[in-house]
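A quick write-up on the structure given underneath.
In listed order, ligands and their atoms are each counted from 1. None of these values were measured; they are calculated from a predicted model.
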Amino acid sequence: MMKGIFPLDKFKAYETPFYYYDMQLLDETLRTVTAEAGKYAYRVHYAVKANANPRILGRIAEAGLGADCVSGGEIRAALAAGFPAERIVFAGVGKADWEIKLGLESGIACFNVESAAELEVINELAAELGKTATVALRVNPEVDAHTHAKITTGMKENKFGINLGLLGKVLDSLPALPHLRLSGLHFHIGSQITDLSAFRALAIRVNELQDRLEARGLQLESINLGGGLGIDYYHPNHLPIAAFGNYFAAFHELLQLRPGQQVHFEPGRSIVGPCGSLISKVLYVKEGEVKKFAILDAGFTDLIRPALYDAYHRIENLSSEEAEEVYDVVGPICESSDVFSRDTELNRVRRGDYFAIRSAGAYGEIMASQYNCRRLPGARFSDE
Ligand SMILES: *Cc1c(COP(=O)(O)O)cnc(C)c1O
């Protein structure tokens with residue numbers, strides 16, 4: 001039996017909960033992003049932090065994307081998955097010495113640097129290794145991404161990036177750091193951004209900055225616009241691929257590039273979010289006085305987004321066609337935040353039913369924990 005895209009008979013052989021990845025959708029997404037970015041010769045680095053499952057990473061590397069890493073572990077995972085070092089960039093506010101050395105020794109393309117203090121350390125470590133580090137400065141563009149407070153990063157006095165007001169001082173320090181080569185500027189304003197006006201504001205801010213830098217006699221090789229493109233969590237079947245066409249076109253329309261300048265993007269969620277679902281079994285249906293609870297064998301240790309970001313995920317009962325009833329869908333963890341959704345209409349639920357929590361491919365499996373001494377969720381693929 002199939003319900004939607006899900007092979008329920010196959011699922012019965014698997015231990016729940018597990019992530020199920022629709023590899024056809026991943027491939028189609030990769031074809032779309034490559035084609036849309038290709039129209040303007042934009043380069044795309046996949047943000048590994050969204051999902052570092054080795055099979056997923058391997059498929060993305062095969063499609064020819066680069067990798068955006070935020071830790072030494074991610075650099076190792078990207079290299080192991082087949083991303084060439086010259087397509088790996090390394091961001092993060094707290095790069096440890098060993099991580100910087102790993103980047104230098106592997107020959108990654110660029111360090112996206114977030115503070116003056118970090119520039120000095122990279123310069124020192126590069127000197128020790130007899131290398132020159134290519135760096136881009138992550139600038140805080142003070143653009144409001146209009147997204148959840150826990151995933152907005154581009155506003156003033158964030159831990160991320162170098163504030164606009166300090167950029168001049170940081171640039172002044174570069175001539176004294178001979179083991180660094182400045183290649184460009186880096187921006188990342190937040191995540192799950194569905195209103196393109198935030199990206200338009202970013203493009204305009206980048207133009208202003210480029211004019212300012214040009215006035216100082218600085219020419220940049222590359223502009224990295226980060227990630228953040230949102231997906232449609234409400235309509236995973238009808239709109240399974242993010243609006244890559246409109247997204248790149250918005251930048252193309254507004255960005256005033258200098259000759260030979262490269263433009264980079266770092267999408268994470270929009271590449272892998274839609275292709276993953278968390279599959280879970282119903283342990284109990286608990287009838288309260290006013291509410292009914294569907295208690296799953298998956299909890300926030302498997303998918304933390306609802307508890308951490310108040311995130312919405314569409315939930316489907318794959319085992320039932322009976323009339324819909326209203327349930328709170330909860331997990332087994334001993335925390336009251338372990339709730340996937342409240343007052344949700346679902347086909348009548350019984351013990352043993354299979355549930356799909358949709359659009360969970362990004363910031364799902366990778367954020368799983370073993371709190372309550374739980375097992376980590378498994379991963380299954382549509383093409384295995
Ligand atoms: C998280 C992050 C991304 C990816 O963000 P998405 O919203 O998943 O596209 C890209 N670049 C940087 C620097 C990030 O921190």
Side-chain angles (χ1 to χ4, degrees), residues 26 29-30 32-33 36-37 42-53 56-57 60 65-71 73-75 78 87-95 99 103 108-115 118 135-141 143 145-155 158-162 184-196 198-199 202 222-233 241-244 247-248 251 263-276 304-305 308-309 311 359-367:
L26 176 60
T29 304
L30 290 168
T32 306
V33 73
E36 295 296 340
Y42 291 166
R43 303 194 184 189
V44 180
H45 294 100
Y46 165 66
V48 172
K49 76 175 194 278
N51 188 319
N53 181 292
I56 302 272
L57 282 187
I60 296 171
L65 276 70
D68 162 41
C69 297
V70 293
S71 73
E74 284 191 1
I75 293 176
R87 289 210 195 127
I88 295 178
V89 298
F90 182 17
V93 293
K95 300 179 187 75
E99 294 177 307
I108 62 165
C110 188
F111 292 83
N112 293 330
V113 175
E114 311 223 7
S115 66
E118 184 192 334
V135 298
L137 299 178
R138 176 166 174 177
V139 176
N140 188 341
V143 167
H146 300 291
T147 184
H148 190 276
K150 284 188 188 157
I151 50 177
T152 179
T153 55
M155 297 291 283
N158 219 289
K159 78 169 179 176
F160 299 106
I162 296 162
L185 295 182
H186 175 229
F187 307 87
H188 175 69
I189 57 173
S191 199
Q192 185 50 21
I193 299 167
T194 47
D195 177 0
L196 289 182
F199 292 120
L202 172 60
S222 70
I223 304 284
N224 184 333
L225 297 152
L229 177 62
I231 63 172
D232 192 328
Y233 282 96
I241 297 187
F244 292 110
Y247 173 66
F248 293 127
F251 283 104
V263 180
H264 296 236
F265 290 89
E266 302 171 335
R269 183 193 313 273
S270 54
I271 303 286
V272 292
C275 76
I304 202 173
R305 298 190 65 258
L308 188 59
Y309 309 120
S359 316
Y363 309 107
E365 186 185 354
I366 193 70
M367 290 180 111

Between Phe265 and Tyr42, how do the two ring planes meet: parallel, tilted or perpendicular, split at 30° and 60°? tilted
Extract all N/O-N/O pairs under 3.5 Å that connect ligand 1 to the protein, and present each with both atom names and the distance rounded to 0.1 Å.
residue	atom	partner	partner atom	Å
ligand 1	7 (O)	Ser191	OG	2.3
ligand 1	7 (O)	Gly228	N	3.3
ligand 1	8 (O)	Arg269	N	2.8
ligand 1	8 (O)	Tyr363	OH	2.6
ligand 1	9 (O)	Gly228	N	2.8
ligand 1	9 (O)	Gly268	N	2.9
ligand 1	11 (N)	Asp68	OD2	3.2
ligand 1	11 (N)	Glu266	OE1	2.6
ligand 1	15 (O)	Lys49	NZ	2.8

Side chain of His188, backbone of Gly227: donor and acceptor closer than 3.5 Å? yes
Not counting sequence neighbours, which residues clear ring-ring contact (aromatic ring centres under 6.0 Å, His included) with Phe244? List them please. none
Which distance, rounded to the nearest 0.5 Å, do you find between the CD1 of Ile75 and the NZ of Lys95? 9.0 Å
Judged by atom type as modelled, is there a donor-acceptor pair below 3.5 Å linking the side chain of Glu114 to the main-chain atoms of Gly92? yes
For the backbone of His45 and the side chain of Asp68, can you confirm whether one donor and one acceptor N or O come within less than 3.5 Å of each other? no
